[in-house]
Each structure stands twice: as C-alpha cells, then as structure tokens.
Amino acid sequence: MRQQIYRLDSSDCTLLLLSIDYAIPAVAYYGSKLNSQIDAKTMFALSGDAIPNAKLDSRTQLSLLPENSHGFFGEPGLRGHRNGRNFTHRFTVENVEQSADHLCISAHDIDAGLQLAIDISLDAQSNVFCWKHRLTNQIETPYTLDYLACPTLPVSLPMNQLTTLHGRWGKEFQQQTVELAAGKFQIDNRRGRTSHEHFPGMIATEKTTGELSGKAIAAHLGWSGNYRLMIDNISEHQRYLQCGELLLPGEVILKQNQSYETPVLYTTKTSGGLSKVSQQLHQYARKNLLPKWTRTTRPVHSNSWEALYFDHDMDKLIALVDAAHATGAERFVLDDGWFVGRRSDNAGLGDWQVDETIYPDGLHPLVDHVRSKGMQFGLWFEPEMVNSDSTLFRSNPESPLKHAPYPLLPARNQEVLDLCQPKLFEYLFHSMSILIEEYKIDYIKWDMNRDTLNAGADQQASQHKQIHAVYRLMDALNKKHTGLEIESCASGGARVDFGVLQHTGRIWASDNIDPIERISIQHGFSLFFPPEIMGAHIGSKIAHLTGRQTTLDTRAILALQGQTGFEFDSRKLDDEERVTVKHYTDIYKQNREWLGESLLWRLPSIQNCLHVRGMVSQDQTQSLWTVVSDGSHLQATPGKLTLHGLAPEAIYEVTCLNADLPYLAQFGKAMPLWMDSNSLTLSGELLMQLGFMLPYMPSQTALLLGCRVAGTKQ
Ligand code: DGJ
C-alpha cells in the first residue's frame, strides 16, 4: 500500500493528512503544534483502526470528501448525478502542490468524469485554517450537483458540547449549547440570507471548556446564502463535522469544463478556551478579510432612524445634526426615507433618486451642513429590493426573483430583485454611483429586509447566483468609489458572516439596542467577530423594541463594546444627558485606536447575572472592562473581579470611568474601599490573581473600568 502524508503548521497547530493508495486524504491529526516529525508509514500504523465484527472487511477512512465507494455510511461529501447515472464516485489523487501555508490536492474520477480540487490554506499567526472544494465536470454530459460539502473534519468524541447561535429579528446571536449524542445535529438555512434564525458557525468543546481554558474547535462557513451545518456520529468514524452551501434543486448543473466552488470553511482550534477561539478569529478577520478602512479611526455615528423614522424634514435634520455634533458625533447617517415616494415602508424601494417633494434642492443643504461641522456623511440603501409601488417595478414587473405562475409573497411590502438581470445590475450600480459621487458619500448602510422565497429566474433556481451577484455589486461599488465604506445590515444582524465581510466592514448586529438585550446579542456576536466592526448605538431612555427603561450610563457603556454611535434623538437630550454622552464618546475617542486591534476576554459571569468582558491592547498597556448586570445577585455583594490578559509584572492603575458613580453609590451604605479614591494601583499579577471588590450592582446597572499601565494616558 502506498501511504502519503501532508503536513501544515501554524503557530500553535499542526494538521496532518494521510492518503492511502491515492485515495482522498483524511485528517490524521489536527491539534496542538507538534515538534516531532512523523513519517507516512508510522502515521498509517497509528491510524489503522481495529476491524470489528459485523462491519466491512476492510478499514475505511473518514476522508476530506467522504465517499460511499470507500465504505463511508454517513453523509457523502458530494452528491450529484448525470440524469440518474454517476450517482456515486471514487476519486484518485493525481497532483499535490504545497507551500508553507497552502496545500492544493487535485483528484479525479475518470469514470464519473469529475475533477476535484481540495484547497487548504492557513494564517500561521492566528491559527485559522481555510478549507474549500472545487468540482469540475470534465465530460460532455451535464452533471447535476446536489451538494458539495467543504472538506469534512473529524471531531473527537470527548468534544461533545456544541455551541451554536440562533435568534430572530431583534434577538440575534443567542448562544445555545447542547450535548452531542448519537446521530446528527444539523442546521439548515433556506432564507436566502445568512439569517437571524441561525448563524453559520459552531464551536465543539469538551464539557470542562470555559471562556478561559479548555479545548475547542470552531468552524464558520463564510457564506451569505443558504447553508447546512452538520455534526454527525457514526460508529465507524466517531464524530465528524461537515458544512456547505444548500443548493436548490437543479440550481447547479455543470456543463463540460464548468466548475462549482464551495464557500470557505474557516476553522480554528485551541486548548485556551472560548475567549482564545474568538481572539484567533478576530485576528484572522482583521488581517485577511476586512477592508483596509476598518483599520482606520472609526468615527462616532449619529443615525437618523430611531430619531425620525420616515419623518424627513430639512429643519429637523439640521437640528439633529447640530445636536449630535455637540455631543461628539463625527458622521451623520441619513437612514431610510429619503428617496422618491418613500413616506412609509409601503413604497419607493428601487427608485434610488432623492425625493424632491421633501428635498427640493436635493440632499445638498443637509450634506453641506454636515460637512460644515467637519462631519462625514452616510446614506441608507436597500439595493436588492423593490416595492410593487415603485417606478422600477411598474416599468419592469419581471424584476423580482420568482417562480411563475406562483404568486409573489411580499414581506415588508417588498420583493427581492433578480440581480442577475444585467439591466437591473447596471441600473443599481449607476443610480447608486451617481448619488455617491454627487454627495461624496463616505459610507453606505446596506440593508436587506426580507428572506427570499422561490428564488427563481426563467423557471430555474437562482439563489446561489443571486448571492454572488450581491457580492459583485458591492465589489463594483467598492472598486469605483475608493474609500467608500459599506456596512452590512439586514433587518439588524441577518447578514453577518466572513463572506459578506470581504465586501463590507461594519455590521449592524441588531435593531435591538436595549442595552440589557444587547448583553447576549453582543456576547454571541463576539464569539466570531471583532468588536470594532460592530455598530453599537446608544438608544432612547425607553428602548423602541422592548419598552424597557434604562439609564443613559448603562446604554452608553454597552455601546462602548463596539463602534459607538447615537440612535436616540440628540435634540431631546437635556444638559446633564449631553454631558454624560460627551463623557462616554470622549472615552471612546481616547481609546479607539488600540481598541481596534484589541484582544477580547469574556470572563465567566459572576453570580449568573454580572457579565464581564475586557478589551486589552496588544501591548497589554491599556484595557477597558465592562461589567453589566441583568438580574439580582444572590449574595449581598458581587465579590471580587479578577482581570485577565494583563502583563503580570507591569504596574497598572484601575479607575471606574462611570459618570454615574454617585447614583451607583446610593444602592448601599458604602462602595468598596478602593473606590473611595477611585484608583487602584496594582501589578498585573495581583489584578489577575487577587482581584478587587465590585460595588453592589442592581439589575440594569453597568460599570466601566479603565485599567492602564500607571503613567500612561487613557
Ligand atoms: C432595518 C434596519 O435594521 C434599521 O436599522 C433601519 O435601517 C430600517 N431597516 C430602515 O428601514
């Protein structure tokens, strides 16, 4: 038997693949970095399992593309056929190309007329591996592709805890952890966008894994359309994970020499717990995915949506700009409601021209005013959509994705445009470009407010093509308008993934800006995405989505966990509130440069109701910590907080940065002793080992703690 071993090393991880007799390789090892070398023969001997009774007579491998023809009874990595023929396959490796951070394995099945490329690359520093497959039809008969998974990976049996994220509009990224047992755990998304419902990522851990220690493997599919995530357990191969795009029937039929490429599956492994998983993914995204502009100073936004909704009026807008500017806003964003016919969400989508009945001189008076304050200007679009009450729809009733003769099923009174129609694509590109140029728009809030149904064009499914067309439109605009920033918003956080982040660089994580609801939303978001790309706006005293009333300090402190901004109506702030908002935006501005590269530490919650997270600068000289309460602690006081990620030998100064300290002090007879002077000078070691007392924290209060090397400026 011929055995071949392939190896890739990142800073903390080693991947070993083993191929036997030119079959598609299997993962023989994926774990902590190995210093020793191992040859193929030894690896083969180590991987050769016992052959049990009542099974096949030969050994089978869980390959990167598991095949029935190799004795695999689970989910094959490829499903497809040629009009019923070639329903199975058996690939042979024909060529391998390798560098330090890239492995490309080509295999073919002459009988099936198929060629497969397995592509694995890695970012050594962040320990993130990227996996994808490309399938090519080599013969004349068309090949109907039903499913091509990204490379399939083994997950060891003790990793039996699975964390995934789920939700709905206004409650995205809710963490769920289940214990894996026999059978499958599967998530299918058929909503035509990444969705509120599920997030295309999962983290398998051991039972003992927590935020700060323990083994974990995270997998995330970078794709904004339909997908399947699956983790299965069959008796021959223990557990394996498999993810891929869910294709609609007949959606991909490969003609000769045509290829289909899977989205990229990103994985990262650690034995350092969930915070470490996040740090690795954040570092990867910053270095490899996010547009360059995300590495520049991130301005404080003021967004018109919750302040005015559809009540666009030049005097009100000018007053809003003035008030927002006075409390520190640096970019004004005109949200939904500015274009022709858009007086409510019933009409107008698709008609991307300024409504002259409200803006007789166009947006110029507003934009000029914004600029006169030294602020940037941003504009809302929802390019993929059309209202039936719009000129675009009336002149082109064939514009939506649909399957005739079935009726369209509107959501928020709108339909999804078929972006593969060249005329529509061009129309959107040009009408948006005209506005971007005329008003020198700095930033676009790119919204997408409905799930997609019957995603057809010319009687054929077109969901896959649609997502690529969305990416193409974003790219075309990015290319033409250098410096343009695009935010991904989809009724809040329904389009957040590493796919869209290659074309956009800010995320509107949820329409729910109630700070107490934001605790879990921002927690789930932070598992995969870095904090500085998350728009986090301070809302009104009474949250619009929940009716909950919270203090301005709690709202502002939660907003400091991301790129801060205002969603409230700045015109309505009283003098005291203005000072408070300014206080927190100043803190944001003083710290944002290092925050944008920071390491995120989520600490285990204290007494189940105090949620702690810290952002620590790369050089460990600065950190900001938030402690937020969403319930009553059972003990009379919260007890100690021990910090994490500091340099043990450095001397730090800790200060509580809350503007509402007198308010917090009212809830007890005395604050912790160190807070009398509101300054604590201690070594990193003592802060991480001994810790310090927290004040009594009633529900809905929040603390903001600064911790910096003594003598540096925060
Ligand atoms: C949904 C977004 O999530 C909101 O922030 C806002 O932009 C509205 N759409 C506008 O229609």
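Atoms within a ligand are numbered from 1 in the order they appear, just like the ligands themselves. Numbering starts at 1 and runs along the sequence shown.
- At a cut-off of 3.5 Å, with distance as the only test, a side-chain donor of Thr296 or Arg298 sits close to an acceptor on the other residue.
- Figure legend: Arg518 and Trp508 shown as a cation-pi pair, the cationic atom lying under 6.0 angstrom from the six-membered ring centre and within 45 degrees of its axis.
- If you check the side chains of Asp553 and Asn658, you find no donor sitting under 3.5 Å from an acceptor.
- Protein residues with a heavy atom under 4.0 Å from ligand 1 are Trp305, Asp335, Asp336, Trp380, Arg412, Lys445, Asp447, Asn449, Cys489, Ser491, Gly492, Trp508, Asp511.
- The residue from Arg571, Lys316, His369 that alone fulfils the side chain to side chain contact (heavy atoms under 4.5 Å, CB included) condition with Val321 is His369.
- With no hydrogens or angles considered, a side-chain donor-acceptor pair links Arg331 and His301 at under 3.5 Å.
- Scored by the side chain to side chain contact (heavy atoms under 4.5 Å, CB included) test, Leu453 finds Leu409, Arg450 as partners (sequence neighbours excluded).
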